[in-house]
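To keep things clear, I will list the structure first and then write my remarks on it.
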Amino acid sequence: MMTIQQIKVTVGEIVKGYVNNDEQGVRGYDGQLDIRPPYQREFIYNEKEQQAVITTVLHGYPLNVMYWVRRSDDAECPFEVMDGQQRTLSLCEYVAGKFSHEFKNFFNQPADVQRRILEYELTVYVCQGDASEKLEWFRTINIAGKTLTDQELHNAIYAGPFVSDAKRHFSKPNCGAYRLGKDLVNGVPIRQDFLKKALEWMAAHETRAGHPQSPVGYMAQHQHDPNANNLWTYFQNVLNWALTNFDLRQFRRIMKGLDWALYYDCFHEQTLDVKALTERMRRLMLDGDVQRKGGIIPYVLTGDERHLDLRAFPDDIKLAVYELQGHRCKACGQEFDYEMMEGDHITPWRDGGRTVQENCQMLCRECNRRKGAR
């Protein structure tokens, strides 16, 4: 049964013994408070939000309540922050002299202002209960704050050595995943976009290998692994393959956001003719009939023209050809209403045929489908 106790804690008590480093983690409250337990997000407050926290304290306005959890299994560090990490870090970093407020850091403030900051009281609710109760409360109280992403919630549910190590690779502002994949993967590390993508890719890879898997299922299966080396290695293999076979300098704008894991799994055992691929891609970039340039790489790998969203014949060309053909299908010779006819390339696009009137014929839907199936 969960118990909840309200306590008052001053800023001075919170910042006592504050440390923030890879070796010791993020601790405060004289070493008794884990400010960033495994399920917490990276620090995401921007400068304006940090400043607002200090302004609130300096004016004596009430700061929103914070929530801690009392650990029953860790006497050395008996408390962890459940909600209020961003505010707690803002206060600790300011008192540590890491940023300024109105051109003054904490150590530039007059003694009475320093004292007012350190004596400011925070309202904290301390809860104690089992893991499922703690995580359910964590989900609930964060609804009203900066909304957690699904991946952040999954990190909470499957907290353990796997998640902790995965966050080292995928969730830091300048982590290895970001340095390698910033031009290929959408999103930002601190909102868990890179970790989410890595898990999606790995789950799809497992599924393609005959072991149906989901990102959440993969996290559950590997929650207690000592590290996330397999996930990190696969992610690196995928992106290194992409960077090796496609010239980022030339094709940067069409390389970001692709399902690189799919193409890696399908083609990495082949030796691609990089020079030929590059020349073909250059021509496609200049082709006015290719409306979706982001589909060029999938197309040159798979040959599926649907990736390109090729320009269709406009109505003025189709109407003109429809009249020239006497309203009859060029293939079967039967007469149809215009709405039952479709524009078709006489010389296919792949063979150099352009989307111009001279290369257009009007076919009935049945004949056009039959031709497209050949």
Side-chain angles (χ1 to χ4, degrees), residues 20-26 34-50 81 83-90 92-93 98-99 138-139 142 145-205 214-216 218-220 222-223 225-243 248 252-253 255-262 264:
N20 185 349
N21 58 56
D22 291 337
E23 183 178 345
Q24 297 172 275
V26 186
D34 187 348
I35 299 173
R36 185 181 290 154
Y39 54 81
Q40 283 282 17
R41 56 159 63 113
E42 298 297 316
F43 187 64
I44 62 170
Y45 263 15
N46 59 35
E47 182 180 353
K48 183 178 180 180
E49 291 167 318
Q50 285 182 304
V81 175
D83 182 66
Q85 181 205 50
Q86 312 298 316
R87 284 163 282 156
T88 303
L89 278 171
S90 295
C92 290
E93 292 284 284
K98 298 297 179 65
F99 69 93
F138 176 70
R139 181 191 292 269
N142 271 278
K146 270 185 174 291
T147 304
L148 293 175
T149 65
D150 287 342
Q151 187 57 52
E152 286 171 326
L153 287 171
H154 295 157
N155 290 351
I157 295 168
Y158 300 107
F162 172 82
V163 165
S164 296
D165 192 53
K167 289 173 70 176
R168 178 170 66 89
H169 295 298
F170 295 99
S171 303
K172 304 293 183 183
N174 195 36
C175 59
Y178 177 76
R179 293 196 302 272
L180 178 62
K182 62 182 182 296
D183 295 309
L184 300 177
V185 178
N186 290 321
V188 293
I190 62 172
R191 292 317 304 266
Q192 310 304 317
D193 297 321
F194 278 67
L195 178 54
K196 180 183 180 200
K197 181 56 65 179
L199 290 163
E200 289 173 351
W201 282 356
M202 179 60 89
H205 169 71
S214 68
V216 173
Y218 187 85
M219 292 185 75
H222 296 276
Q223 178 179 6
D225 287 2
N227 54 58
N229 286 351
N230 291 339
L231 181 69
W232 174 227
T233 298
Y234 180 70
F235 186 85
Q236 290 179 93
N237 288 343
V238 168
L239 295 190
N240 282 325
W241 176 85
L243 292 167
L248 189 63
R252 184 185 305 271
R253 72 185 183 92
M255 291 178 67
K256 194 164 190 176
L258 296 181
D259 188 355
W260 286 111
L262 170 63
Y264 170 80

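Treat the numbers as computed from the prediction; the structure is a model and nothing was measured. Count residues from 1 along the sequence.
- Not less than 6.0 angstrom separates the ring centroid of Tyr234 from the ring centroid of Trp201.
- Atom OH of Tyr178 is surrounded by 12 or fewer heavy atoms from other residues, nucleotides or ligands within 6.0 Å.
- A distance-only check finds no donor-acceptor pair linking the side chain of Asp225 to the backbone of Phe162 [under 3.5 Å].
- Between Leu199 and Val216 the shortest side-chain heavy-atom distance does not fall below 4.5 Å.
- Note that CG of Asp83 is 9.0 Å distant from OG1 of Thr88, once rounded to the nearest 0.5 Å.
- A 4.5 Å side-chain heavy-atom check between His205 and Leu262 finds every atom pair outside the cut-off.
- Using a 4.5 Å cut-off on side-chain heavy atoms (C-beta onward), Asn186 and Phe194 make no contact.
- A heavy-atom distance below 4.5 Å is found between the side chains of Gln50 and Ser90.
- Here Lys196 does not pair with Asp193 in a salt bridge; the nearest charged N to carboxylate O distance is not below 4.0 Å.
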Note to self: Let's go through Met219 and Gln151 carefully: what are the C-alpha distance in whole Å and the side-chain angles of both, what is the deciding distance for side-chain contact (heavy atoms from CB on, under 4.5 Å) to 0.1 Å, and is it a yes or a no?
What the structure shows: CA-CA 11 Å; Met219 292 185 75; Gln151 187 57 52; 3.4 Å; yes

Next item on the list: In sequence, state the C-alpha distance, the side-chain angles, and the governing distance for Lys256 and Val185, and then conclude on side-chain contact (heavy atoms from CB on, under 4.5 Å).
Entry: CA-CA 6 Å; Lys256 194 164 190 176; Val185 178; over 6 Å; no

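- Among all heavy-atom pairs drawn from Gln192 and Ser171, the shortest one is OE1-OG, 2.7 Å.
- Ring centers of Phe170 and Trp232: under 6.0 Å apart, within the cut-off.
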Margin query: Does Asn155 form a side-chain contact (heavy atoms from CB on, under 4.5 Å) with Leu195? I'd like the steps, not just the answer.
Written below: CA-CA 10 Å; Asn155 290 351; Leu195 178 54; 3.7 Å; yes

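- Annotation: side chain of Asn20 is in contact with side chain of Leu89 (closest heavy-atom distance under 4.5 Å).
- A salt bridge does not link Arg179 with Asp183: every distance from a Lys NZ or Arg NE/NH1/NH2 to an Asp or Glu carboxylate oxygen is 4.0 Å or more.
- Side-chain atoms of Lys197 never come within 3.5 Å of backbone atoms of Gly257 as a donor-acceptor pair (strictly under, hydrogens ignored).
- Side-chain contact between Gln85 and Ile35 is present, with at least one heavy-atom pair separated by less than 4.5 Å.
- Taking every heavy atom of both residues into account, Pro189 and Pro173 meet most closely at CG-O, 4.2 Å.
- Side-chain contact check for Glu49 versus Gln86: every heavy-atom pair is 4.5 Å or farther apart.
- Atoms CG and CG, from Leu248 and Leu184 in turn, are 6.0 Å apart once rounded to the nearest 0.5 Å.
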Margin query: One pair to check against side-chain contact (heavy atoms from CB on, under 4.5 Å): Trp260 and Leu243. What are the steps and the verdict?
Written below: CA-CA 10 Å; Trp260 286 111; Leu243 292 167; over 6 Å; no

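- Scanning both residues, Ala203 and Ser214, for their nearest heavy atoms gives CB-C, 3.4 Å.
- Rounding to the nearest 0.5 angstrom, the gap separating the CE atom in Met202 from the CG atom in Asn230 is 6.0 Å.
- Leu180 has its side chain within reach of Gln236: a pair of non-hydrogen atoms, C-beta onward, lies under 4.5 Å apart.
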